[in-house]
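What follows is a set of notes on a single structure, which appears directly below.
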Amino acid sequence: MIVENPFAEFRKECETILAHASKKALSEVKVGNMTFNKPPNPEFGQLASSICFELAKKFNQKPADLAAKLVMSIDKKKFGLIEKVSAVGGYINFHLNFAKFSSLTLQAVRHLGSAYGFIKTGKPLKIIVEHTSVNPLHPIHIGQARNPMIGDALARILKYRGHTVFCHYYIDDVGRQSSVIAYGYDKLGRPKPNEKPDHFVGKIYTITSCLVELNRLKKKLENAKETAPSDEVAKITKQIDEWMSIAAELKEKFPALFERLLEEIEKAKDAEEEINRLNLAYEKGEPEAMRLVREVSELCLKGFRETLERVGVSYDSWDWESDLVWSGRVSEVLQRLKATPFVYTEGGVLEFDAEKVARVFKLKAKMGLREDYEVPPLTLTRADGTTLYTTRDVAYTLQKFNRADKVINVIGMEQSLAQLQLKLALHALGYTKCADNLGHFAYNLVTLPGYKMSSRRGRYITLDEVLDEAVERAYAEVSKRSPQLTEEEKREIARFVGLGAVRFALVDVDAAKPVVFTWDRVLNFETNSAPYVQYTHARACSILRKAAREPEKADFSLLKEPLERELVLTVASFPEIFIDAAEYLKPNLIADFANALSDKFNTFYNALPVIKAEPQALSDARLALTDAIKIVLHNALSIIGVVAPEKM
RNA sequence: GGGUCCGUGGCGCAGCACGGAUAGCGCGUCAGCCUUCUAAGCUGAAUGUCCUGGGUUCAAAUCCCAGCGGACCCGCCA
């Protein structure tokens with residue numbers, strides 16, 4: 001018989017046995033929650049219940065006595081996977097029958113192969129995972145790179161779980177910043193890039209944005225000198241100084257480009273004004289503005305696609321924010337919001353009273369907010385009538401729900417408030433169900449040691465640089481360790497090792513924690529890394545290759561070593577880990593699991609022979625175990641998009 | 001000022017959702033292991049007020065409250 005989830009079988013049996021025993025011994029039908037913990041030591045079995053501690057007071061007996069009593073009334077005839085049950089210090093410990101369990105587990109893994117572990121949900125949904133969505137202004141930098149890695153891993157997990165998943169990339173081309181890059185690009189005469197297009201666009205954006213900001217501040221300073229108090233003037237002066245130093249930095253890095261843009265922008269009457277006009281024209285859908293902004297955005301996206309393809313991340317849909325505006329969906333949403341009692345006008349702008357929505361619909365407790373917390377209002381439109389990001393996002397969210405039951409937005413945690421306001425806007429419009437099924441997967445920032453990464457200031461390390469460096473270091477590593485390989489093999493190995501290392505490192509740490517970027521951290525080739533797991537996989541493959549036989553004579557009851565049992569147990573628990581990772585959206589559980597399994601296998605590898613083990617029934621059992629480990633490592637790595645190599 | 005998230009050996013992290021028996025792992029340090037299945041590996045040693053203080057509980061790194069420290073947010077930016 002093939003079981004999908006071996007450890008769950010054992011767990012179920014423990015539950016049944018314990019329920020029966022408590023009914024018999026304590027005439028207690030409901031015994032409270034039937035949760036089991038993993039004992040700290042295999043001596044105490046593989047699952048334990050601490051239920052006697054809870055019941056002690058109720059029955060006025062010592063936990064140890066209760067435990068003994070319960071164990072006494074256990075019906076041993078019902079044992080399937082259980083070997084024995086013992087009472088130790090108030091705990092009830094369930095010991096596995098490893099002969100049966102190993103056989104059950106290893107046969108299941110080897111039979112199911114690449115499907116093992118991926119337990120399907122009983123309620124398949126259509127889920128949209130919106131991720132990456134880096135603005136098309138500059139290359140994807142390492143601070144943002146956590147997003148596609150997490151987003152892609154989430155999408156894969158949910159897909160394996162049996163959901164229908166669509167990955168969407170939201171192209172934010174409507175904001176003012178898009179007009180800034182388009183403006184600079186236009187001033188340069190819309191040149192063809194002489195390098196990777198997103199890098200090219202990034203330079204223009206940074207310089208243009210810096211020069212325009214300087215212009216704006218200088219004007220502001222002139223006005224302030226006459227009217228504003230002196231501390232205000234000092235503040236502006238300080239800002240100017242800061243931007244001047246950035247300008248100097250940029251001038252040194254890209255002298256030719258800087259000079260040309262400086263000249264063009266000085267020549268312009270009012271760059272600020274022209275950019276605002278372009279922004280307005282683009283939102284209105286004026287053909288010339290459309291052509292210009294789309295052209296430069298496409299250029300940048302072309303570069304993104306290249307990078308993302310390289311790491312194996314792909315999308316089902318690329319959604320242009322501008323399409324939402326032009327199609328009238330944004331204004332429609334705006335009209336409907338206006339018709340609610342939650343929108344008011346203030347000084348020519350539309351404001352959305354998020355606080356009132358939360359209060360009227362009594363949502364604070366539900367959303368995990370304190371009653372006395374006041375949700376700040378959200379500005380829906382500027383005085384010139386153009387819309388703001390979150391306003392457009394309301395329309396976008398509704399569009400996503402046309403296609404899906406559930407939407408997960410992978411967005412940095414700095415946008416938590418905006419996401420909250422978005423949700424409240426959905427409530428205001430009556431889309432309660434959408435609001436409930438909208439999830440914000442927030443992740444913390446990646447920072448560079450010393451200073452904050454800033455795309456506006458051109459201070460960033462691009463994902464491309466990181467990937468190149470990773471592959472290069474992996475190449476040096478593989479050349480050193482395996483000089484006998486051909487050049488082609490080395491290149492291929494360096495590629496998947498380097499890319500794998502980066503993906504793993506960005507998924508491995510709990511998304512809620514901030515990460516300080518260091519090369520060593522991302523390019524780790526030792527324990528706790530993709531290369532370590534890949535190496536372990538290759539090692540297992542190597543054994544199987546050398547054995548060159550099917551483990552037909554395997555006798556699993558011979559797997560008596562603690563290391564072997566630990567391995568069987570770990571392999572058997574993969575389905576449960578997978579379910580947790582899928583239900584609680586924790587891709588890092590998979591990375592941790594793969595690493596832990598590798599640890600155990602390597603210990604086993606160093607301690608016990610496989611091929612040369614005697615008798616052959618044992619050798620074959622270990623071979624089957626090795627095969628099962630290989631399969632599970634492969635499956636785990638596939639979730640985080642890392643190649644599991646046969647050789648390295 | 002208000003909100004969200006984070007705080008675990010020198011450093012980087014896991015464990016916290018669902019409280020359980022001696023708090024795991026890696027780096028670094030020290031001492032070892034390649035004529036035996038891939039040394040990107042393994043073994044051993046040293047290193048802890050689990051931020052602090054209260055509370056809940058038979059039991060708290062885990063739950064609750066308060067405080068401290070850090071990051072982020074509170075914009076007619078996205």
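Remember, it's a predicted structure, so these values are computed and weren't measured experimentally. Protein chains get the first letters and strands the later ones, always in sequence-line order, with residue 1 at the start of each.
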With rounding to the closest Å, how many angstrom separate the [atom1] atoms on [N] and [M]?
N     : M     : atom1 : result
B:C37 : B:C42 : C1'   : 14 Å
B:G28 : B:U36 : P     : 26 Å
B:G1  : B:A14 : C1'   : 36 Å
B:G9  : B:C5  : C1'   : 24 Å
B:C27 : B:C64 : P     : 35 Å
B:C50 : B:G10 : P     : 12 Å
B:A71 : B:C30 : C1'   : 37 Å
B:G24 : B:G41 : P     : 22 Å

Torsion-based syn/anti label for B:C34, 90° from 0 as limit: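 Syn for B:C34; the angle stays within 90° of 0.
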Is there a salt bridge (Lys or Arg N to Asp or Glu O under 4.0 Å) between A:Glu469 and A:Arg473? Walk through the geometry before answering. CA-CA 6 Å; A:Glu469 179 76 17; A:Arg473 288 203 198 186; 3.0 Å; yes
Please encode protein proximity along nucleotides 7-16 of chain B as a string of B, S and -, counting only heavy-atom distances under 4.0 Å. S----SSS--
Taking protein heavy atoms under 4.0 Å as touching, what does nucleotides 31-42 of chain B look like 5' to 3' if B marks base contact, S marks sugar-phosphate-only contact and - marks none? -----SBBSBBS
Taking a pair as Watson-Crick or G-U wobble with both distances under 3.5 Å, which nucleotide is matched to [N]?
N     : answer
B:G24 : B:C13
B:G41 : B:C33
B:G69 : B:C6
B:C76 : none
B:U56 : none
B:C18 : none

Expressed in angstrom and rounded to an integer, what is the separation of [X] atom [atom1] from [N] atom [atom2]?
X        : N     : atom1 : atom2 : result
A:Lys364 : B:G2  : NZ    : P     : 15 Å
A:Met413 : B:C73 : CE    : C1'   : 7 Å
A:Glu346 : B:G75 : CD    : C1'   : 14 Å
A:Asn41  : B:A21 : CG    : P     : 12 Å
A:Gln421 : B:G3  : CD    : C1'   : 12 Å
A:His95  : B:A21 : NE2   : C1'   : 13 Å
A:Leu66  : B:C58 : CG    : P     : 15 Å
A:Tyr389 : B:C76 : OH    : C1'   : 17 Å

The residue, A:Phe44 or A:Tyr584, whose nearest nucleotide of RNA chain B is more 5′ is A:Tyr584
First of A:Ile92 and A:Lys57 reached from the 5' end of RNA chain B, by closest nucleotide: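 The residue closer to the strand's 5' end, by nearest nucleotide, is A:Ile92.
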Kindly state whether the pair A:Tyr373 / B:G2 counts as stacked, where counting means centroids closer than 5.5 Å and planes tilted less than 30° apart. no
Quick one: label [X] by what it contacts on the DNA or RNA (base, sugar-phosphate, nothing), any heavy atom closer than 4.0 Å.
X        : value
A:Gln534 : nothing
A:Pro63  : nothing
A:Asn276 : nothing
A:Ala48  : base
A:Gly347 : base
A:Asn524 : nothing
A:Pro40  : base
A:Gly175 : sugar-phosphate
A:Arg473 : nothing

For salt bridge (Lys or Arg N to Asp or Glu O under 4.0 Å), just list the numbers for A:Glu272 and A:Arg176, CA-CA rounded to whole Å, side-chain angles, deciding distance to a tenth of an Å, and then say yes or no. CA-CA 10 Å; A:Glu272 181 79 12; A:Arg176 219 187 71 101; 3.5 Å; yes
On a heavy-atom basis, which atom in [X] and which in [Y] lie closest, and how many Å separate them?
X        : Y        : value
A:Lys490 : A:Val478 : O-CG1, 3.8 Å
A:Ile157 : A:Phe578 : O-CZ, 3.6 Å
A:His138 : A:Cys300 : N-SG, 3.8 Å
A:Cys541 : A:Lys630 : SG-CD, 3.6 Å

Would a line drawn from the ring center of A:Tyr91 to the ring center of A:Phe53 be shorter than 6.0 Å? yes
Could you check whether A:Glu355 pairs with A:Lys364 (Lys NZ or Arg NE/NH1/NH2 to Asp/Glu carboxylate O, under 4.0 Å)? yes
Under a 4.0 Å N-O cut-off, is there an ion pair linking A:Lys220 with A:Glu213? no
Under 4.0 Å from OP1 or OP2 of B:C76: is there any side-chain N or O of A:Thr379 that close?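 The answer is yes; a side-chain N or O of A:Thr379 sits under 4.0 Å from OP1 or OP2.
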Residue pair A:Tyr169 / A:Val134, side-chain heavy-atom distance below 4.5 Å: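 Contact flag for A:Tyr169/A:Val134 side chains = yes.
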What residues, two or more places apart in sequence or in another chain, satisfy side-chain hydrogen bond (donor to acceptor under 3.5 Å, both in side chains) together with A:Lys513?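 Per chain and number, A:Lys513 pairs via side-chain hydrogen bond (donor to acceptor under 3.5 Å, both in side chains) with no residue.
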Parallel, tilted or perpendicular for A:His141 and A:Tyr460, by the 30°/60° rule?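 Parallel, since the angle between the ring planes stays under 30°.
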Are more than 12 heavy atoms from other residues, nucleotides or ligands located less than 6.0 Å from atom CG of A:Asp372? yes
In terms of side-chain heavy atoms of A:Val88, which of B:C76, B:A21, B:G2 is nearest?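 Nearest to the side-chain atoms of A:Val88, counting from C-beta on, is B:A21.
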Look at the side chain of A:Tyr91 and decide which nucleotide, out of B:U22, B:G20, B:C5, has an atom nearest to it. B:G20
